[in-house]
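Here the structure is laid out as structure tokens; the discussion comes afterwards.
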Number of protein chains: 2
Amino acid sequence: MATIYDVAEAAGVSISTVSHVLNETRFVSENTRAKVLEAVTRLNYHPSSLARALVRQETRTIGLIVPDNVNPFFAELARGIENHGFQAGYSVILCNSDRSTSKELAYLETLLSKRVDGVIYMTTDMATDRLMPFHEEGIPIVTFDRDYDNIDSILLDNFQGGYDATRHLLELGHTRIGCIAGPDSPSRSSDRVRGYRAALEEAHIPYNPDLLCVGDWTARSGQVAASEFLRLPVPPTAIFSCNDMMAVGAIAFLRDRGCHVPQDISVIGYDNISLSAYVCPPLTTIATPIEQIGQGLCQMLLDCIGEKLPAETQRVTVRGALLVRESTAQVT
Amino acid sequence: MATIYDVAEAAGVSISTVSHVLNETRFVSENTRAKVLEAVTRLNYHPSSLARALVRQETRTIGLIVPDNVNPFFAELARGIENHGFQAGYSVILCNSDRSTSKELAYLETLLSKRVDGVIYMTTDMATDRLMPFHEEGIPIVTFDRDYDNIDSILLDNFQGGYDATRHLLELGHTRIGCIAGPDSPSRSSDRVRGYRAALEEAHIPYNPDLLCVGDWTARSGQVAASEFLRLPVPPTAIFSCNDMMAVGAIAFLRDRGCHVPQDISVIGYDNISLSAYVCPPLTTIATPIEQIGQGLCQMLLDCIGEKLPAETQRVTVRGALLVRESTAQVT
DNA sequence: CTGAAAGCGCTTACAG
DNA sequence: CTGAAAGCGCTTACAG
């Protein structure tokens, strides 16, 4: 592969000059400019980002850690990030953690060695001190839906979302409302559940633990939860699922048991992954602007990268909006 | 950020020694070894992959170019690749092309500059000469479902798949079978359509152009296609969709029009994205081992990277298998 | 058993 | 208007 030396030699100039014409970083006479450019194309020269990164101390690469890019929610988030990064001239390294702490650590280590300019981290609730090495090295981190000291983040108003979803069901006359929670992690899921319970309480409906199932965000776990609900002496007439995928799984199971949604049982999801408009029936859900959030996370990170100073910690909260489609209906 | 010099100084040894203990590349006395290791942890030293890459001439990074990682098919493929790469110590840079030639070129350029060790390329039918720069620079490329000279690839037996899908419908007694094709690109879609036509012909059913709609692989376009079918004087009794997402879209539209699947109309997809088991009704499809293919692509690439020699061009063909679920039924 | 030095391929003051 | 040289942070022959 041609180097800057090859180009310089071919053009009969110094490597400084080659560098300067390529980066347009100082004036070069039209004549030598032309010679350099000619040599560049003739030799098919592609400057090494590695060498440049070494001296410039920036790689124009960011790391993205998600639990699983197959999960449509994270897929859409990743898309928003990649999009925005591309426009700004950054590449993104995709890291799936499967919510495994050891994989996270391994990837964090790799990203540190690769000298990424920043990382977008979203996943388990790793102890903050795992993230600190980055902070100390001056590598910006932003997180999503997790609140750490000193780390910028975009947060969701999960309590409000859970509350709104449940209110919607209550207003349709449901009083026996099941809830499919996410795995027992502090923020996301449990705040949604808290919102659910708050709405119930407000409506003077006592909380019934039998109506709470814990899933793991996958469609599969939504199926399991639905099966448990149906096994109850008196099944719920409506279900609030803490994400869309579990709702999809629940609906699939119900249908399989001859239970019609929403006629026999209403189901509301959370997220509004793009798919949710295409399932049968189209899913009522709490709409979250996923791709825009991805974009926002990326921009937030680029801002941190720009001003090396550890400025004020930023926190943006996004509130979801109830989106009524066809999976919920008046209680019969 | 601490460098190897800092560590060497702190441990009172030379940088060679530090390098050797870290890479275990030559014997170092237990005593100095300990001193080095101590300094490493004390200084929180993380060797720069950049510097290493510069001398070793390998980055342990690969590029992945897909049209859109939100499309579940590519999401699953990417997952398989990332997984396998991780195990082998490689990171992957995620590049979405949106099937735009200019984005592809921009990313190809970036990957070349970042000196990735190889790229997995899947997307439009860019002229082969676009890929050639890589080949010439000795950077291995593997492709998926596209056949280029001198480039390793995993291919799908699309003709057979289209044929099998259509045979399935024929065997259920359908004779009026619609087909939703992908965008007009040589390989994937049109071979599936060819298989469809071959099965029809074999059954002595004349090909009817009205029964062929062209989509763009998205659920949205599946909806549009279904609407066109329903607008026909005599709509089809079965639909073969060239991928699952369009089938999902078609089913959503049909349901919206009060048309039941499979009672009123059968629908068969292609791919077996993991979602297809959870839609209503669960989708009959041509099952493709997507994640394994991703893994295979990654391994193929790593093989190329290993032996720098441009060995025999490899081509592996994967045949899909009919997977009958509930979206297809006997004609009524 | 360990160190000094060249080199990977760039950018960027410093000079003229 | 352009070049010589230092330096980014490593690995790896070459020596002893």
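Here is how names work: the chains are called A, B, and so on, in the same order as the sequence lines, proteins then strands, and each is numbered from 1.
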note = When A:I15 and A:S29 are each assigned the nearest nucleotide of DNA chain D, the 5'-most assignment goes to A:S29

query = Which nucleotide in the set C:dG3, D:dT12, C:dC10 lies at the smallest distance from any side-chain heavy atom of B:T17?
reply = C:dG3

remark   = When rounded to whole Å, the CG to C1' distance for the pair B:L54 and C:dG7 reads 9 Å

ask   = What's the CD-P distance between B:E24 and C:dT2, to the nearest Å?
value = 15 Å

remark   = Any strand, both distances under 3.5 Å, Watson-Crick or G-U wobble: C:dA13 pairs with none

query = Among side-chain atoms of A:K114 and A:T61, is any donor-acceptor pair under 3.5 angstrom?
reply = no

query = Is A:T25 touching bases, backbone alone, or none of the nucleic acid, heavy atoms closer than 4.0 Å?
reply = nothing

request  = Would you indicate what A:S48 reaches in the nucleic acid, counting non-hydrogen atoms under 4.0 angstrom: base, sugar-phosphate, or nothing?
outcome  = sugar-phosphate

request  = Examine the side chains of A:T110 and A:S113 and answer whether a donor and an acceptor come within less than 3.5 Å of each other.
outcome  = no

request  = Provide, to the nearest angstrom, the distance between the CZ atom belonging to A:R56 and the C1' atom belonging to C:dC10.
outcome  = 9 Å

request  = May I have the distance from A:K114 (atom NZ) to D:dC10 (atom P), rounded to whole angstrom?
outcome  = 15 Å

inquiry  = From CD1 of A:I4 over to P of D:dT2, roughly how many Å is that when rounded to an integer?
reply    = 15 Å

Counterpart base for D:dA4, defined by Watson-Crick or G-U wobble contacts under 3.5 Å = none

query = How about B:D216 and B:T218: does a side-chain donor come under 3.5 Å of a side-chain acceptor?
reply = yes

Nearest-nucleotide pick for B:S16, side chain only, options being C:dA5, D:dT2, C:dT11 = C:dA5

query = Between C:dT2 atom C1' and B:K35 atom NZ, what is the distance in whole Å?
reply = 11 Å

key: Selected nucleotide, minimal atom distance to A:F27 side chain, candidates D:dT2, C:dG7, D:dC1   = D:dC1

Separation between NZ of A:K103 and CG of A:L108, rounded to the nearest 0.5 Å = 13.5 Å

query = Whole-Å distance between C:dC10 P and B:Q57 CD?
reply = 10 Å

message = Between P on C:dA13 and CG on A:N23, what's the gap in Å once rounded to a whole number?
response = 13 Å

task = List the steps and the verdict of ring pair (Phe, Tyr, Trp, His ring centres under 6.0 Å) for A:Y121 and A:F144.
result = CA-CA 7 Å; A:Y121 173 86; A:F144 169 62; over 10 Å; no

key: Side-chain donor/acceptor of A:Y5 to base of C:dC10, under 3.5 Å   = yes

ask   = Would you say A:S14 reaches D:dG3's phosphate, i.e. side-chain N/O to OP1/OP2 under 4.0 Å?
value = yes

task = Check every strand shown and say whether A:S19 touches a base, only sugar-phosphate, or nothing at a heavy-atom separation below 4.0 Å.
result = base

inquiry  = By the 4.0 Å heavy-atom rule, please label A:S49 as base, sugar-phosphate, or nothing.
reply    = nothing

task = Give a yes-or-no answer on whether the side chains of B:R79 and A:N71 include a donor-acceptor pair shorter than 3.5 Å.
result = no

request  = Examine the base of D:dG3 for any acceptor or donor lying under 3.5 Å from a partner atom in the side chain of A:R26, and report the outcome as yes or no.
outcome  = yes

ask   = Toward the 5' end of DNA chain D, which comes first, B:L50 or B:H20, by nearest nucleotide?
value = B:L50

